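Nothing here was measured: the structure is a model prediction, and the numbers come from that model. Numbers restart at 1 for each chain; the letters A, B, ... are given by sequence-line order, proteins then strands.
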Amino acid sequence: MPHATNLNDRQREAVLTTEGPVLVIAGAGSGKTRVLTERIGHLVGDLRVSPYEILAFTFTNKAAREMKDRLERAHPGSTEMLWVGTFHSTGVRILRRHGDAAGVKRDFSIYDTDDSTGLVKAILARNPNDARFVKSPRVLRDRISRMKNDLVTPADAAERAISAGEQRIAALYAEYERDLRKANALDFDDLINKVVELFATDDRVRELYARRFRYVLVDEFQDTNPIQMAMIDGLASVHGNLFVVGDDDQSIYSWRGARVEHILEFEGLYPATKVIRLEQNYRSTKTILDAANGVIAHNLGRKGKTLWTDGEVGDKVRVTAALDEESEALAVIDLVKREVAAGTSLKQIAILYRTNAQSRALEDVFVQASLPYQIIGSVRFYERAEVRDVLAYCKAIVNPDDSINLKRILNVPRRGIGKTTIDQIEALAAERGTSLVDAMRAAASTLGAAAAARVHAFLVLFDELREMAATDVAPHVVDAILKSTEYHKHLEENYPDAEARIENIDELLSKAHGFAEGAETKSLSAFLEEVALVADVDALDLDSGQLTLMTIHNAKGLEFDAVVVTGMEEGLFPHYNSIDDPTAVEEERRLFYVGMTRARRRLYLTFAGMRRRMGMMEGGVPSRFLNEIPERTLEAPVEPLVSPTIYGGAWSPRRDYARSLRDEYAQPEPHEAYSQEAFAPQAPVVSGVHVSSHAPSSTGAVEHAYTIGMRIQHERFGKGIVRKVEGKGEQTRVTVIFDAGGERKFLAHYAPMRPL
DNA sequence: TGGTAGAGGCTTTTT
DNA sequence: GCCTCTACCA
């Protein structure tokens, strides 16, 4: 059997059991991606199944691409007809072909989270009395999204509403749905929702797909939500050859409506199910697995399994304490340096964290140290204002009914169409029940002459671009938008950081060019579709030779030789919002488990004694998860971490553990610039440091009386002059301009600094 | 209509 | 600490 060699018995069973429902419980690193790919290879290569009859769901586009690449190598030509993609991209594919039956027009636009929020905002503006029922447009949008994911319609919501507030929310939800239809737009949830609706209303279409796809495969099954489950169920309704792979211990998307129960209830739903468990791990060392197993064992709500490996024991897990987030970043650099010295390449190292906000402090220090890194997520490319502006032009051009995006660009760049004019046009649109563009075309009579002329000028430009988009390729249209609106000039005139913004616009343009080179359909609408569905991880380049920074959520499914999980503090990880809810803490624990099991050879954990949160410095306490790691897997000494005073009590830097590392960064010129070569592999170096505290030494409880103009001495940055003093008591912040150049802000209470 | 300054909210995680 | 919205003035 060409497709069952080099597999263990269980894996082979999973590959060869092609008929009927199969549930594979696949632990972290147990080779599930391989099983999925080999299984498709077996179907195509050995059983002569046409790729046309196979549909596979992956969690990201990147995973889909990788699976296709692997298959293409093994069976050239086989992937052309194969459908592999995310639920969302598969939904789009189906809706573009057969959406009509569910009332979806073929040329619909896709609203991303920002667009949806804009729509909700507009609805709330129309219903000022309802604002008191929701905290913010975003909260309402999330709530609507949750209902959609749970198959709750506006009518259901109205029926279930017990309070007046719930009644109104149901009404706003209904209005949101109406407005989406009016704008000929689908939000992310609709991309799946409408398929389910389609299957329910039109049996012929459902059967068309269900007959075609004799084999349906689902990866990351633990993170499917009810609406996705309904879509899967519809697709598997004819042949029943449904193969799902998941791990209940890695379920980390319940906040998005995902249900682990889908794993637990699968056998009940599909009675003939064959269950296969993959528990042998091929990724991590014995020590890392032991540590991860020890942590996840604290969860009560799990099916229970124990991963094992016959790999080597490996190095122990190292915990590093830092004074604040800056020292934490320095500690990370130090760990990276050691890894590189030991022969690990930068691209095989990942720095993970709970929240995107944590990346900033890391980045600041990495930049200073010239450490090459790539960051996934954070300020997302497609969410930058300038990129969104240009995309709004594209969206409005493709679909002029898209009032949200049309409104966004009406006066960007400034063309004298201000609030008053827009209000008038909107009123006219509401009065006549037409779209915004139509109201603009009709507005000449109601507007003043000057305003009417400006609106007319916009419409001329808009129509020209529309005409062009009907026939020309995406990059040309994007280029025409930029030229005709003099967008570069607009950026230069209005933003001090215009250069960076222009770079982003150029990148968008080059993405459009790249798209036109590779895609079959090169139209603007096809480009928008691609753009709407890309995830941040899709951009991850593991061959860039750089260090990778990302959230643990983004790291799902990936693996690295060395992994550093930062921010191991109560409140951050587990996060404040989860800390009072045992179920939520269990999900946080699973998230930590996912982070730990990304590591192949070495795992590092760091925490900071204090950290800036929304501008305020706050004290931190080591995460409870650290205490759950079996001591035998940790580098000694562990004592300070398991101290009974940890919870509740304020944490202070333990000077006993401030060791060699501190001195390294205590000099005035702390970050020697690490060139690319400095990070090239060298001969292994033996490290003797265990739990190390990364703390610029504290000055203790010295009274701080800084005044503007005062000369000061800072332990690390040398002499300087006080420029600004803000706040009082422990919160006193002092801004200093250093003689050596550079301005910095410190908390007077904590900074290693004294008046001269 | 546009520019600016100050207030207020925000950070969990994402297709 | 940063971004967005609002209020007010030119």
Does a nitrogen or oxygen in the side chain of [X] sit under 4.0 Å from OP1 or OP2 of [N]?
X        : N      : value
A:Lys135 : B:dG9  : no
A:Thr420 : B:dT1  : yes
A:Asn356 : B:dT13 : yes
A:Asn411 : B:dT1  : no
A:Ser89  : B:dT15 : no
A:Ser136 : B:dG9  : no

Nearest-Å distance for atom pair [atom1]/[atom2], residues [X] and [N]:
X        : N      : atom1 : atom2 : result
A:Asp112 : B:dT14 : CG    : P     : 15 Å
A:Tyr353 : B:dT14 : OH    : P     : 9 Å
A:Arg414 : B:dT1  : CZ    : C1'   : 9 Å
A:His88  : B:dT14 : NE2   : P     : 14 Å
A:Leu186 : B:dT15 : CG    : C1'   : 14 Å
A:Glu588 : B:dT11 : CD    : P     : 16 Å
A:Arg138 : C:dC5  : CZ    : C1'   : 15 Å
A:Phe59  : B:dT14 : CZ    : P     : 10 Å

A:Thr113 near the nucleic acid: base, sugar-phosphate alone, or nothing, with a heavy-atom cut-off under 4.0 Å?
->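 The answer is base, as A:Thr113 lies within the cut-off (heavy atoms under 4.0 Å) of a base atom.
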Contact class for A:Lys121 (heavy atom, under 4.0 Å): base, sugar-phosphate, or nothing?
->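 Sugar-phosphate, no base atom in range.
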Would you tell me whether A:Tyr593 and A:Gln250 have side-chain atoms, one donor and one acceptor, within less than 3.5 Å of each other?
-> no
Can you tell me how far the CZ atom of A:Phe108 sits from the CZ atom of A:Arg96, to the nearest 0.5 Å?
-> 3.5 Å
Derivation of the salt bridge (charged side-chain N to carboxylate O under 4.0 Å, His left out) call for A:Glu325 and A:Arg360 = CA-CA 10 Å; A:Glu325 63 220 293; A:Arg360 194 187 191 89; over 6 Å; no
If every non-hydrogen atom of A:Leu95 is compared with every non-hydrogen atom of A:Leu191, which pair is closest and at what distance?
->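 So the minimum-distance heavy-atom pair works out to CD1-O, 3.7 Å.
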Evaluate whether the aromatic ring of A:Phe87 and the six-membered ring of the B:dT15 base sit under 5.5 Å apart, centre to centre, with an inclination under 30°.
-> no
For atom P, what is the distance between C:dT4 and B:dT13, given to the nearest Å?
->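 Per the computed distance, 16 Å lies between those P atoms.
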Taking the six-membered ring for Trp, are A:Tyr253 and A:Phe59 parallel (under 30°), tilted (30 to 60°) or perpendicular (over 60°)?
-> tilted
